[in-house]
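Please read the structure below before turning to the comments.
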Amino acid sequence: MDFGGASRGLFKRAALILRQLGTLRLVAMVAVLVLALLAARFSWETLFARDAEAILYDLRAAAAAPRAEPDPRIVLVVYDDDTLILTGKRSPLDRTVLAKALARIDTLGAKSIGIDVLIDQQQPEDPVLVAAFKAMKTPTWLAYASNATNGDKITFEQQQFLENFTGSLKPGNVRPASIRLAADSDNVLRRWPEPKSGLPPLLPHATSGEPASQAHLDASVGWRRPAADDRELFATIPIQTLADDTLFAVPEAAALFRAQIAGKHVLIGGHIQDIDLFSTPLGRVTGKQMWGLDAFAQMLAQLLDGRSYAPVAGWVLWVAALVAVAAGALTALGALRPLVLLIVLTSQLALIGALPFVLHARMTETYGLPVFGWGAGWLMAFIAVGSAARVIGSEQRRFAQSALGKYLPRDIAAQILRDPEGLSLKGEKRELFIVFSDLEGFTKLSHAIDPGVVATLLNRYLETLSDVVLSHGGTIDKFVGDAVVAFWGAPIARPDDGARAVQAAIAMHAAGEVFRKTVPDGVPAIGRTRVGLHFGEVIVGNFGGEGRIQYTALGDAMNTAARLEGANKQLGTSVLISRDAAERSGLTGFRALGTVELRGRATPVDIVEPSDADPEALAQFDSWATAARRGDDAALVELRRLSDLHPNDAPLRNLVYRLGNRTEGGYFVLD
């Protein structure tokens, strides 16, 4: 691929837009590009985009979460709903069972103990708990929260009680640890809490043995998922089990629990229905919430694993935003063919979507990565620059069409010179032969190539077809893009107008075939020229205003001719003529193609196409087609046989299909 040539082409196209766009349009385009850049950089801070960014983050965090076997380093000791039933207490939780469990865990050789239970109000069993705490030999960390940072969990009075209670345990091995978790505004827990002054170390830091560590704070949690969905990541023991003296009187049971506890980090907290539950990114996949105690366990495991997400610098986000916007703008400037454009669009959007998943899987911080913003910025830039390019291209195409307005029939020009009063705005009924032509696929092509090339090709094509029409004595009604509308029979009628119209229709198709084979190198393939011809009554005359008039025809016959041209695509033909027009032309050499109901018309139309076959063969063919239409199965069999002999004859194959699927009236309704 010639990248140098492509770059020069983009530069020229951009320069053309800047020169011809005009001040207001240029300012508007630049304003949209600036907004696109801001969207691509700050979408996490934008109200509606933030929700989309959060969802995308959750999807990649869940997708990147590794599957893991149960963690042998961490054990959860939990208050559950059975505990509440057994103790008869819900809030605050029973402290006697906590005291017994702590004493038991201490004797079983735990490595550390973290307690996610706030002791924030006085209870009768407090002396038992205080005695257990003071007797602890294992490093133990007791939940702490402040009203300033956890106002929804603790009042100021409760905070004072908690601080006095914790102070009463000194000296000893029990110290406070923060249990602050910071969910986002949508109540989804995605990150470690940010550092807050005045708080003790976070519970995972404290129990890991590095209470002074600030690792991971304000960064993404490195979630893990169990290796199997029916298993848990962490071994869980109901707290009442560890407080059961009868159970531990059995040596085998005591040995079993020692194996579960010895050398492990023990976290104590709640697994109580509807209490302390958080949504997490994993919930996008599992549909489940997570208890706060399990979230602390996930964080502790991340610390023990040494897994951390590398932050992305702010300047990198700016560069990424610029790249996304520039990619959208350059894609719009590329004037690519539809298929190439589709591939480029798909590739770029796939890259925008997939890159963050890869980064997250490689432990790069993607919280705050404006992925949705990149897509929005790309799209805004694509629309802004593409709209500007289309405005310039549209103006160039309109100029090309306007320039071709000099091609007027000589007989009309002569009549106007002889009778200037003929320009008065009046109409009259006439029976005309009407031709509609269309260049297949040119509309899509015009968006895929440079507007200058579009104008050159369109000028040459319309001039070629105009010459055909004029050389056969026709009147050019109008150009509609690449379509030519012409008629015979007005303003001057000739006896051979029908023959001229048929010959012109055939010649227009032939000229289109020559044109499509002689386009310059580098221009995508151009489709065939399709032509429709009909005869009928219309109103013809000068219509418009004093400053802008057009000699044109109006009426149902015009619509029928247009529908015939469009029907070529479905019928596999190139020139389609109504039988009325063919019979009035005085010519022979037409092959019958049955009767169809055109879109938008309730009256069926008999149709034919030009053919250079032997007249006798055409007559026989017409006979079979007429008989088959009336229900003669033998005639239909003959047509099928003929179709089998000529498998490349698409119109014949279509005729056989239509005759086999005709309505009760003997005709076929086109799409």
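Residue numbers count from 1 along this sequence.
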Contact summary for [X] and [Y], nearest pair of heavy atoms:
X	Y	result
Arg460	Val519	NH2-CA, 3.9 Å
Pro524	Ile449	CD-CG2, 3.6 Å
Ser574	Arg528	OG-NH1, 3.0 Å
Val468	Ala507	CG1-CB, 3.6 Å
Trp374	Leu369	CH2-CG, 3.8 Å
Val538	Gly555	CG1-CA, 4.5 Å

For the backbone of [Y] and the side chain of [X], can you confirm whether one donor and one acceptor N or O come within less than 3.5 Å of each other?
X	Y	answer
Ser437	Val484	yes
Glu53	Gly373	yes
Thr518	Phe515	yes
Thr331	Phe382	no
Arg653	Pro647	yes
Asp467	Thr464	no
Arg658	Leu593	yes
Asn654	Ala650	no

Inter- and intrachain pairs under side-chain hydrogen bond (donor to acceptor under 3.5 Å, both in side chains), touching residues 376-385, at least two apart: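 Found Gln348-Trp378.
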Can you classify the ring geometry of Phe433 versus Phe535 as parallel (below 30°), tilted (30 to 60°) or perpendicular (above 60°)?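 The arrangement is tilted - the two ring planes meet at 30° to 60°.
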CZ-CD1 distance between Phe487 and Ile434, expressed to the nearest 0.5 angstrom: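 The CD1 atom of Ile434 is 8.5 Å from CZ of Phe487, to the nearest 0.5 Å.
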Give, for atom OG1 of Thr560 and atom NE2 of His534, the distance between the pair rounded to the nearest 0.5 Å.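 One finds 4.5 Å between OG1 of Thr560 and NE2 of His534.
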Counting C-beta onward and ignoring hydrogens, is there a side-chain heavy-atom pair between [X] and [Y] closer than 4.5 Å?
X	Y	value
Arg630	Asp632	no
Leu439	Arg516	no
Leu618	Ser611	yes
Leu457	Pro520	yes
Val385	Leu33	yes
Ile383	Met380	no
Leu533	Val575	no
Thr529	Glu513	no

Can you tell whether the side chains of Arg579 and Asp622 come within less than 4.0 Å, N to carboxylate O?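 Yes, this pair counts.
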So that I can tick it off, tell me whether Glu638 and Arg641 are bridged by a salt bridge, with the cut-off set at under 4.0 angstrom between side-chain N and carboxylate O.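 Salt bridge flag = yes for Glu638 with Arg641.
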Which atom pairs, donor and acceptor, lie under 3.5 Å between side-chain atoms of residues 581-592 and protein residues at least two apart or in another chain?
unit_1: Ser585; atom_1: OG; unit_2: Ala582; atom_2: O; d: 2.6
unit_1: Ser585; atom_1: OG; unit_2: Leu587; atom_2: N; d: 3.2
unit_1: Arg591; atom_1: NE; unit_2: Glu609; atom_2: OE2; d: 3.2
unit_1: Arg591; atom_1: NH1; unit_2: Asp649; atom_2: OD2; d: 2.7
unit_1: Arg591; atom_1: NH2; unit_2: Glu609; atom_2: OE2; d: 2.6
unit_1: Arg591; atom_1: NH2; unit_2: Asp649; atom_2: OD1; d: 3.0
unit_1: Arg591; atom_1: NH2; unit_2: Asp649; atom_2: OD2; d: 3.4

Give a yes/no verdict on a cation-pi contact between Arg494 and Trp488, requiring under 6.0 Å between NZ or CZ and the six-membered ring centre and an angle within 45° of the axis.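 Pair Arg494/Trp488 does not count as cation-pi.
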Phe372: what forms a ring pair (Phe, Tyr, Trp, His ring centres under 6.0 Å) with it, not counting sequence neighbours?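 Phe372 satisfies ring pair (Phe, Tyr, Trp, His ring centres under 6.0 Å) with no residue once adjacent residues are dropped.
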Give the C-alpha distance, both sets of side-chain angles, the deciding distance and a yes or no for side-chain contact (heavy atoms from CB on, under 4.5 Å) between Leu659 and Arg629. CA-CA 6 Å; Leu659 288 173; Arg629 175 190 169 190; 4.2 Å; yes
Quick one: ring pair (Phe, Tyr, Trp, His ring centres under 6.0 Å) pairs with a partner in residues 605-630, sequence neighbours left out?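 Sorted pair list comes back empty.
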Determine whether more than 12 heavy atoms belonging to other residues, nucleotides or ligands lie under 6.0 Å from atom NZ of Lys429.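 Atom NZ in Lys429 is not crowded, with 12 or fewer foreign heavy atoms closer than 6.0 Å.
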Show your reasoning for whether side-chain contact (heavy atoms from CB on, under 4.5 Å) applies to Ile506 and Val502. CA-CA 6 Å; Ile506 298 171; Val502 170; 4.1 Å; yes
Please name all residues satisfying side-chain hydrogen bond (donor to acceptor under 3.5 Å, both in side chains) with Arg640, sequence neighbours left out, ordered by chain then number.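 side-chain hydrogen bond (donor to acceptor under 3.5 Å, both in side chains) check on Arg640 returns nothing, list empty.
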As a quick check of understanding, evaluate side-chain contact (heavy atoms from CB on, under 4.5 Å) for Arg563 and Val605, giving each step before the final call. CA-CA 11 Å; Arg563 296 290 187 266; Val605 178; over 6 Å; no
Assess the residue pair Leu322 and Leu37 against the criterion (side-chain contact (heavy atoms from CB on, under 4.5 Å)); give the C-alpha distance rounded to whole Å, side-chain angles, the decisive distance to 0.1 Å, and a yes or no. CA-CA 6 Å; Leu322 284 169; Leu37 180 62; 3.6 Å; yes
side-chain contact (heavy atoms from CB on, under 4.5 Å) against Thr46, all qualifying residues, sequence neighbours excluded: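 Result, side-chain contact (heavy atoms from CB on, under 4.5 Å) vs Thr46: Ala49.
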